[in-house]
Amino acid sequence: MLRYISNRLIGLIIVLIGVTVLTFIFSNISTVDPAEAFARRNILNPTPMQIEELREEMGLNLPVYRQYFHWMGESMKGNLGISLLTKNPVSADIAKKMPATLSIVGMAFFWIVVITLPISILSAVKQNGVFDHVARVITIFGISMPNFWLGFIMLIAFAVVVPIFNVVDYGNFKSIILPSLTLAIPVISSSIRLFRATILLNMNKDFVTYAKARGISKTNIIWKHILKNSLPPMITLMCQNLGYMIAGSAIVESVFSWPGIGSHLVEAIVGRDLPTINGCVLVIAVIFVLSNLFADVVNIMLNPKILNEQGEF
Amino acid sequence: MWKRLFKIAVAVFLFLTLAVGCWQGTGAINSKSNQDKDVNEITLCESWGFEDGFPTVFTPGQNSNYQAAYYLANFYETLVNYQEGKIVPGLAESWSVSDNGLVYTFTLKKGVKFSDGADFNAAVVKKNLEMLPILLGDYKGSYENFSIFFKEAKIVDEHIVEVHLTSPYYGTLQDFAKPMPMGIMSPNAFNEDGTLSDKLLTQSMGTGPYMSEGQSGGNIYTFVRNPNYWGEKPYVDKFNVKVIPDNEAKALALRNGEIDMIFGSAKISYDGFKEFLEDRRYGAKTSDENVKTRFLGFNLEKEPFNDKKVRLAVSHVIDKQSICTSLFYGIETKADNLLSKSLPYCNIELEPYEHDVEKAKQLLETSGWTDSDGDGIREKAGKKLGGEILYQTGNSVDHDLVLTLVSSLKEIGMEIKVTGLDLLAWYAEIQEGNYTMAYVKTYGLPFDPYTTIANMNSDPLMDNSLAQGFAHVKDGNSIIKGLASLVDESEIQDKYDFILKELHSNVSFVPISYMKELVVFDTEKIADYQFNDQPPNVDVAGIKLK
């Protein structure tokens, strides 16, 4: 198990190097010169001389590979650089913004688990029944609705028409509910469809027929056999969604005026704040790959046979 | 297995609860429940926070964007003010300018105190002016030109100060009316070495009607009356600024009563403004003063717009009046001059190029552009008549306007491609000259007309979209540079006459409309809003409560 985790961690480092190299390349492909961008944002009339001075100050006159190695070396020491927009250390900005994002993502995760499991099970058990049909239509809607639109509909419904929540609210439990639901609904919708399909697939497996033959009750078959075998892909999907939700929280954060990492990254991209872009991408990538690793470890803990199948033992 | 899963789930849930619990400690703010009924308190909104505090001098070293810049007029005052194209007294009761334009003598108001209790006098003004070029450093001239020409400030007596320049500059008084960077700060706003004190990160230190009280959880900034304010007490006792990045969310927050006012055309769409205008519960107002001009600029070095007749045809085919009425819902007015006549030196009669499609077609015919293959697009020497419009994305009104322009140009057989870029990419392309036509806005008050005209100088190149327009004039750069140091008002006016007429006759630009500043407010709380003389400034003293 430990060997498996250490092997995976080495793989993750390679992934992270790839991600950071790509981020650097893409940032440099852009037609916008970050030094000029910085000057334009801050000075009404920057002169070419001022822009040149800024470029040198920011180290952007160096070749890309040297910028990359310098950045890499510093980030190993925990120094992600200084943000061009906020002037704070990038790591401090990320640490400040992360809890807000984690709170909505965490809550969204809670919704996903609490809503997905019962609805999928019920839909699968009552396949092609009324409940299944209604759930299917709703999940199609849920998948198709853009996040920002859903967010505004939520705000209009629950903050303006029926004023239970505030449009702008932050720092209390109530304020997390609408943004987390908005973030969760598309994920819930796709998860329900996947989980339902996996359960149905497992329902036709031999072990179910065998269990029936042994005279085990239907409830027991579902809970003890079918669900156990349907969980691994769900756990992987959920953990992947954790990464997606952190990276994709920008729109929801913007709609709900939520000061999190997503909107921070978007601001950085618009302002060509390279240190912040690189720092945020690195942190999101780390979370993403770690949550995938976490999914695998949980799967192994639930079903150690997976390791055997992979020939690790 | 279920036990293990249950344990993991419980651990994750406990961790999340703990995290949320700790984080709740930052404190929740709800403007509706938090407001004291005996205090006249209102809540505004802004797209960004004021993390960089409240200095009047912003440079890239201190600040990340304009942050509190449009709010400075609430906390700071300037020596003079700008009012309907004229300079009127501010913290200076009166002033005089020497004949050579090198010495400005200001007589200051007496009995004025800063919000931190310090006295306002000639020594403070001297300190502020002396520190300005140092604080701006390499960015002198970025927001005003005064700091480039500033030589020294001399105290004549406690309330009289002389400001000496190295060379005359005709926009000096206009510069003195800009809250950023000319708002006068308390002597306590500076460290001993003259740099800005960190106190400014949380406090404003001016003589204006309000001062900062601090930031509370959830990105809300609170401002209260300055107890030392010398002038008439404004209606509002206290105001909050909530940070709401999204414009639609701002409109919803106004509808739900969480904020009382949305200020500024950058924060509300015209569709949103119209909705509020039709709803009797809300007041929706536009400024009388024109704030900026929307216009089309050409790359005069590239075909086909290097041909004046083609530019003239473009000018005639655009139906500005109908654009203002239908697209802008009458919020904006038709522009025939690049710089609004209400601006200093710009009241010049120019014969407008009126909407006349037939004339536009005729102009193209005489220039040799004909539709020989019947595809609706004109050609000349095998080349199709066309190009592209570069515009900045992010604003739906701009997008709709550009599409309207393209369809008008198609009417006369011109095929125009639309290229939308974000602000920074747009600037990069314009500066490189990679465009044929650009949709642009002037710098707006208080930078118009001075900055817009100054940037027509191409050495050094500040803004290619403007510099292109005057590049055809022999010695154009020296004319623009020379204008800055003129002293005699009639000479300045003559130069303006020449420049503006030249731009017009050369059809260097096609002015489209004059933009206004907007405000929407909840009439259950706010009776009226009087725009500041520089309308983009948020002026809480201009709010009348019910």
Side-chain angles (χ1 to χ4, degrees), chain A residues 30-33 36-50 53-54 83-87 99-100 102-103 106-107 109-110 113 152 155-156 159-160 163 166-176 223-224 228 231 253-257 259 263 270-272 298 301-303, chain B residues 1-2 4-5 8-9 12-13 16 19-20 23-24 26-30 32 45 49 51-52 58-65 138-139 141-143 217-219 242-246 248-249 252-253 255-259 422-425 427-429 431 443 447 451 454-455 460-463:
Chain A
S30 162
T31 50
V32 180
D33 167 9
E36 185 173 348
F38 183 62
R40 287 273 169 213
R41 270 180 88 91
N42 292 286
I43 316 167
L44 195 65
N45 279 320
T47 61
M49 211 175 66
Q50 286 172 332
E53 275 173 23
L54 275 171
S83 160
L84 304 182
L85 291 180
T86 66
K87 308 290 174 312
L102 284 182
S103 64
M107 194 66 197
F109 203 70
F110 172 76
V113 174
F152 281 121
L155 280 181
I156 292 169
V160 179
N166 291 320
V167 176
V168 184
D169 205 356
Y170 176 74
N172 57 64
F173 186 71
K174 203 172 132 189
S175 65
I176 312 176
W223 286 99
K224 288 196 171 164
K228 184 178 173 181
L231 272 179
E253 285 176 9
S254 163
V255 170
F256 290 94
S257 314
S263 47
V270 172
R272 302 300 193 274
V298 172
M301 281 166 73
L302 290 177
N303 189 2
Chain B
M1 177 197 96
W2 288 108
R4 276 186 194 168
L5 191 64
I8 295 170
V12 170
F13 186 72
L16 285 176
V20 171
W23 170 71
Q24 260 178 273
T26 54
I29 288 280
N30 175 358
K32 282 192 287 190
C45 62
E51 290 88 358
D52 294 329
F58 286 130
T59 70
Q62 303 143 354
N63 130 291
S64 56
N65 54 33
D138 291 338
Y139 306 103
S142 294
Y143 310 106
N219 270 352
K242 265 192 185 184
V243 179
I244 310 179
D246 189 276
E248 296 299 327
L252 289 178
R255 287 201 181 275
N256 135 315
E258 282 173 50
I259 57 171
D422 76 46
L423 171 88
L424 303 170
Y427 266 118
E429 291 294 305
Q431 290 301 84
Y443 289 90
F447 302 102
T451 308
N455 282 358
L461 184 64
M462 303 276 207
D463 185 339

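Lettering follows sequence order; numbering is per chain, from 1.
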Find out whether B:L252 and A:F152 are in side-chain contact, i.e. whether some heavy atom of one side chain is under 4.5 Å from a heavy atom of the other.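 A side-chain contact exists here, since the closest heavy-atom pair is under 4.5 Å.
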For A:V168 and B:A253, work out which heavy atoms get closest and say how close.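 So the minimum-distance heavy-atom pair works out to CG2-CB, 4.2 Å.
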By side chain to side chain contact (heavy atoms under 4.5 Å, CB included) - contacts of A:S263 (at least two apart):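 Partners of A:S263 by the side chain to side chain contact (heavy atoms under 4.5 Å, CB included) criterion, ordered by chain and then number, come out as A:E253.
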Are any side-chain N or O atoms of B:E248 and backbone N or O atoms of A:V255, one a donor and one an acceptor, separated by less than 3.5 Å?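 No: the side chain of B:E248 does not pair with the backbone of A:V255.
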Any donor-acceptor N/O pair, B:D246 side chain to A:S254 backbone, under 3.5 Å: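 Checked: no pair found.
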For the atom pair [atom1] ([X]) and [atom2] ([Y]), what is the distance rounded to the nearest 0.5 Å?
X: A:S257; Y: B:I244; atom1: OG; atom2: CD1; result: 5.0 Å
X: B:R255; Y: A:I156; atom1: CZ; atom2: CD1; result: 9.0 Å
X: A:N166; Y: B:K242; atom1: CG; atom2: NZ; result: 6.0 Å

